[in-house]
There are 2 protein chains.
Amino acid sequence: MLAKNTQVKCGDCPIRHRAVCARCETDELERLEEIKYYRNFEPGQTIVWSNDKMDFVGSVVKGVATLTQTMEDGRTQMVGLLLPSDFVGRPGRDGSAYDVTATTQVVMCCFRKKPFEKLMADTPHIAHRLLEMTLDELDAAREWMLVLGRKTAREKIASLLAIIARRDPRPDLPSGIEASFDLPLTREAMADYLGLTLETVSRQISALKRDRVIVLDGKRHILVPDIGRLLEEAGDDSDGGYLV
Amino acid sequence: MLAKNTQVKCGDCPIRHRAVCARCETDELERLEEIKYYRNFEPGQTIVWSNDKMDFVGSVVKGVATLTQTMEDGRTQMVGLLLPSDFVGRPGRDGSAYDVTATTQVVMCCFRKKPFEKLMADTPHIAHRLLEMTLDELDAAREWMLVLGRKTAREKIASLLAIIARRDPRPDLPSGIEASFDLPLTREAMADYLGLTLETVSRQISALKRDRVIVLDGKRHILVPDIGRLLEEAGDDSDGGYLV
DNA sequence: CGACGTGTTGATTCCTGTCAATACTCGTGG
DNA sequence: CCACGAGTATTGACAGGAATCAACACGTCG
């Protein structure tokens, strides 16, 4: 469970320019190297329990993880989707407010918390980058509030697909297909993200397939013939500020 | 519209110890004084338009403002409720992603953006406090995602009332009343916050009144005889981590 | 093969949205 | 002073979309 990976030099790290360390100078990277270690997680495995003390913070290097909240009666809501380069943990706080769970194989680059906090205090680059990333996450959370509060089931599904398509671009596209990606989530996880039931998710995916908005290749691989159409279905401003 | 108020010395400011300036030393406060100015807004007045260029950032000193997003067809979702000491604007970004609107009389303490960003770069106290506040806002946004995605209309209303009761405590309580506050929002604004229609909001408030969870004094003043009961109705963990 | 996890589809219920009528408060102006 | 209208709030009737309950299909792994 705690099996450490072969360490990757920060300079060679695939998320080097997007993660919390993006702005670091060489000497700062060296200090980060000293306090970092890798951890692997299997699909379904919990990375942090809500309200547990966290002794580390870190970045997702590979894979997908989720942040979820659960009510006493079992209703659960996903409140964040963590993709490579996303940051986990809150400097200055003891624990996580949410369950963090791996949905695929996940590689985390962890930093021991205390030294990381010290490093943050010493070097402005890390703190500054973290503020920037937190502001982005806040924007994403607020964007998601619109989805949860005001969109129909069909629009919710289309919004989720649009987000994943946006963050996971692929070059190898057959003609007549503008985007293509694997769903890293089960129907149930999608339901938890969207505030729906898994049956409704399944029905709406079928409906989008029937209406040719998407094409399925197996249960988990999605092809999008026309991204503009998908964004339209998502209820987003279709003047395409996002892609293309 | 731009009428400047009598400036208040930072040392005498009512939000001095909670706002973005909370950690500042005397000399930092002096630099803030130089770039700050007050602005008043009337109820209903827009403070910033979504996608507009913002040339200032600032703190709410008095009153209540809202952050909202609107879809092309008019559906709107409130994504933030700004109470005194809350921060408006995003250093490093050009504009606001949301409409910011005053719902009551609002006094804002504004800082010209460029000098404020410079000050942030120079002094770690402001940046650090801003990170802390942004992390809190992110938590609040995620908490709200659970409300929007998974709670029933009745639970949503109870959740909103609980939040306002928590942030606006009053000492002058008649016996048999554990909390008392004015609703700073119209039924429509509450609906936009909760992802409901104003009719449903009205009905659920009536239902909570009928069931003696709350007592109304006029349309806007709420009395809560039993806060535990309210939290229970909100679906929150009733072991009362919050109040009392 | 049978059990289990995952996903699809159908029948039905019910919560919330929609449409509509009415009440109340507060200015404004005749 | 009262009529009028605008904004806000309440309540009712009805419709519709998503939840619920349930059956079944598919793939994997023991």
Side-chain angles (χ1 to χ4, degrees), chain A residues 42-45 71 73-77 101 103-104 147-161 182-211 214-222 233 235, chain B residues 42-45 66 71 73-77 101-104 147-161 182-211 214-222 233 235:
Chain A
E42 296 303 309
Q45 196 181 344
M71 295 171 67
D73 61 7
R75 281 177 282 178
T76 75
Q77 176 66 49
T101 311
T103 64
T104 63
V147 173
L148 290 173
R150 291 302 186 192
K151 292 195 177 178
T152 65
R154 171 184 266 244
E155 289 170 334
K156 285 179 174 180
I157 298 287
S159 298
L160 177 58
L161 297 181
D182 278 313
L183 277 177
L185 304 172
T186 64
R187 298 289 186 263
E188 186 179 20
M190 293 174 69
D192 285 342
Y193 201 5
L194 297 165
L196 298 170
T197 59
L198 64 91
E199 293 95 329
T200 300
V201 170
S202 187
R203 270 187 256 274
Q204 296 298 335
I205 288 180
S206 298
L208 289 174
K209 184 175 62 177
R210 175 169 36 72
D211 298 341
I214 58 176
V215 177
L216 265 73
D217 174 16
K219 301 290 184 195
R220 293 288 192 90
H221 196 82
I222 306 277
E233 291 285 355
Chain B
E42 296 303 309
Q45 196 180 345
T66 63
M71 295 171 67
D73 61 7
R75 283 177 281 178
T76 75
Q77 175 66 49
T101 312
T103 64
T104 65
V147 173
L148 290 173
R150 291 302 186 192
K151 292 195 177 179
T152 65
R154 171 185 267 243
E155 288 169 335
K156 284 178 174 181
I157 298 288
S159 298
L160 177 58
L161 297 181
D182 278 314
L183 277 177
L185 304 172
T186 65
R187 299 288 186 264
E188 186 178 21
M190 293 175 69
D192 284 342
Y193 201 3
L194 297 165
L196 297 170
T197 59
L198 65 91
E199 293 95 329
T200 300
V201 169
S202 188
R203 270 187 256 274
Q204 295 299 335
I205 287 180
S206 297
L208 289 174
K209 184 175 63 178
R210 176 170 36 71
D211 298 342
I214 58 175
V215 177
L216 266 74
D217 173 16
K219 301 290 185 197
R220 294 288 192 91
H221 196 82
I222 306 277
E233 292 285 355

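Residue numbering restarts at 1 for every chain, and letters A, B, ... go by the order of the sequence lines. Note: hydrogens, waters and symmetry copies are ignored here, and every other heavy atom, side chains too, is used.
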Sugar-phosphate only, base, or nothing, as touched by A:Gly44 at under 4.0 Å among non-hydrogen atoms: nothing

Side-chain atoms of residues 196-205 of chain B: list all donor-acceptor pairs with protein atoms under 3.5 Å, sequence neighbours left out, distances to 0.1 Å.
residue	atom	partner	partner atom	Å
B:Thr197	OG1	B:Thr200	N	3.3
B:Thr197	OG1	B:Thr200	OG1	3.0

Sugar-phosphate only, base, or nothing, as touched by B:Gly218 at under 4.0 Å among non-hydrogen atoms: nothing

Residue pair B:Ile214 / B:Leu216, side-chain heavy-atom distance below 4.5 Å: yes

DNA chain C contacts made by residues 147-158 of chain A, counting heavy atoms under 4.0 Å: none

Where A:Arg154 and A:Ala207 come nearest, the two heavy atoms and their spacing: NH2-O, 3.9 Å

Span of DNA chain C in contact with chain A (heavy atoms, under 4.0 Å): C:dG7 to C:dA11

Those residues that, when tested against A:Glu155, pass salt bridge (Lys or Arg N to Asp or Glu O under 4.0 Å) (two or more places apart): B:Arg75

Which atom pairs link the protein and nucleotides 7-11 of chain D when you take only N or O atoms and keep those under 3.5 Å?
residue	atom	partner	partner atom	Å
D:dA9	OP1	B:Arg220	NE	2.9
D:dA9	OP2	B:Arg187	N	2.8
D:dT10	OP1	B:Arg187	NH2	3.1
D:dT10	OP2	B:Arg187	NE	2.7
D:dT10	OP2	B:Ser202	OG	2.7
D:dT10	O5'	B:Ser202	OG	3.2
D:dT11	OP2	B:Ser206	OG	2.6

Can you give the donor-acceptor pairs under 3.5 Å from side chains of residues 184-195 of chain A to other protein atoms, not counting sequence neighbours?
residue	atom	partner	partner atom	Å
A:Thr186	OG1	A:Glu188	N	3.4
A:Thr186	OG1	A:Ala189	N	3.0
A:Arg187	NH2	A:Lys219	O	3.1
A:Asp192	OD1	A:Thr76	OG1	3.1
A:Asp192	OD1	B:Arg150	NH2	3.1
A:Asp192	OD2	A:Thr76	OG1	3.0

Closest heavy-atom pair and its distance - A:Gly44, A:Thr101: O-CG2, 3.7 Å

Side-chain heavy-atom pair A:Gln77, A:Leu148 within 4.5 angstrom cut-off: yes

